[in-house]
Amino acid sequence: MLKQKIYKLLIGTNNKGKLREIKSLLPKNIKIHSTSEFNLKSPPEIGKTFEENSLIKSKYFSKKTGLFCLADDSGLEIDFLDKGPGIYSARWAGRHGDFNKAIKKVYRELNKKNKNWEKKKIKARFICALSISYLNKKIACVVGKVDGSISHKPKGKNGFGYDPIFIPKRSKKTFGEMKPSKKYKLDHRFKAFMKIKKFL
Ligand code: IMP
């Protein structure tokens with residue numbers, strides 16, 4: 001466990017949806033910095049797992065700024081698509097981060113696998129690896145998951161990314177239809193945060 005108290009923390013993401021969500025989870029006594037203050041682009045995600053990519057980001061952003069960095073790597077796994085898009089979740093949206101495009105690709109791939117996919121329950125889960133690094137040193141890396149299924153069509157305008165097509169277990173609504181305050185208390189990022197907060 002870290003002996004030094006973290007009182008300044010960089011959130012290592014250029015994704016506004018993630019930034020909003022992570023900010024809402026952090027204790028108020030920590031001064032939060034974002035990558036936009038430093039004009040930093042994200043590093044290439046060359047890892048093979050969510051954990052590896054999360055650590056690539058937290059180490060990279062910490063080295064660039066000299067601050068402790070909390071970074072997330074997350075994505076959607078769909079069992080019927082052999083766990084895709086998985087670590088490629090952001091890449092399915094293309095260079096401009098177009099999630100209408102990514103969602104269309106999900107439905108196209110489901111159709112390719114089986115024209116009658118809508119008759120089945122398409123199990124899926126969101127996964128989030130959160131890590132804290134200081135310069136090149138890993139302080140912690142944890143994983144959180146939320147199980148659910150894929151909606152037959154996109155629903156709801158809240159959230160970001162794949163939220164309109166993901167229905168968490170024991171819910172009838174997609175994340176896109178839920179109030180952010182509700183989503184933030186049951187999703188993969190929240191579960192990962194509960195495991196990492198003792199390091200802050
Ligand atoms: P990365 O972690 O930068 O590789 O991006 C992960 C991608 O997964 C994001 O761009 C989102 O599209 C998707 N994703 C991760 N978490 C969520 C979420 O909570 N809701 C919707 N989409 C998500």
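For the numbers below, each heavy atom of this structure counts, side chains included, while hydrogens, waters and symmetry mates do not. Atoms within each ligand, like the ligands themselves, are counted from 1 in listed order.
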Could you grab the distance from atom NZ of Lys197 to atom CD1 of Ile132, nearest 0.5 Å is fine? 12.5 Å
Best match, [options]: closest heavy atom to [atom]:
atom: atom 11 (C) of ligand 1; options: Phe99, Phe50, Phe190, Tyr88; result: Phe99
atom: atom 3 (O) of ligand 1; options: Glu21, His188, Lys18; result: Lys18
atom: atom 7 (C) of ligand 1; options: Ser74, Ser54, Gly161; result: Ser74
atom: atom 8 (O) of ligand 1; options: Cys128, Ala102, Ser89; result: Ser89

Heavy atoms only, cut-off 4.0 Å: how does [X] contact ligand 1, side chain, backbone, both, or neither?
X: Asn15; answer: side chain
X: Phe160; answer: both
X: Arg91; answer: neither

Does ligand 1 have any atom that is closer than 4.0 Å to a heavy atom of [X]?
X: Trp92; value: no
X: Phe126; value: yes
X: Gly159; value: no

I'd like to know if the side chain of [X] reaches the main chain of [Y], judged simply by a donor and an acceptor atom lying under 3.5 Å from each other, with no hydrogens or angles considered.
X: Lys195; Y: Val143; result: yes
X: Asp73; Y: Ala129; result: no
X: Ser62; Y: Leu67; result: yes

What residue and atom, counting heavy atoms only, is the protein's closest point to atom 20 (N) of ligand 1, and at what distance? Asp163 OD1, 2.6 Å
Minimum-distance protein heavy atom relative to atom 22 (N) of ligand 1: Tyr162 N, 3.1 Å
Under 4.0 Å from any heavy atom of [X], which atoms of ligand 1 are there?
X: Asp73; result: 1 (P), 2 (O), 4 (O)
X: Lys57; result: 1 (P), 2 (O), 3 (O)
X: Glu45; result: 1 (P), 3 (O), 4 (O)
X: Lys183; result: 18 (C), 19 (O), 20 (N)
X: Arg189; result: 15 (C), 16 (N), 17 (C), 18 (C), 19 (O)

If you measure from the Lys or Arg side-chain nitrogens to the Asp or Glu carboxylate oxygens, is any gap between Lys113 and Glu109 under 4.0 Å? no
Can Lys191 and Asp187 be counted as an ion pair, charged N to O under 4.0 angstrom? no
Tell me if the [atom1] atom of [X] is crowded by more than 12 foreign heavy atoms within 6.0 Å.
X: Lys182; atom1: NZ; value: no
X: Lys105; atom1: NZ; value: yes
X: Tyr88; atom1: OH; value: no

Distance only, no hydrogens: is a donor on one side chain within 3.5 Å (strictly under) of an acceptor on the other, for Thr13 and Asp72? no
Tell me, with the steps shown, if Lys172 and Glu177 meet salt bridge (charged side-chain N to carboxylate O under 4.0 Å, His left out). CA-CA 10 Å; Lys172 289 202 164 54; Glu177 293 176 294; over 6 Å; no
Test of proximity, Asp187 against ligand 1: N or O pairs below 3.5 Å: no
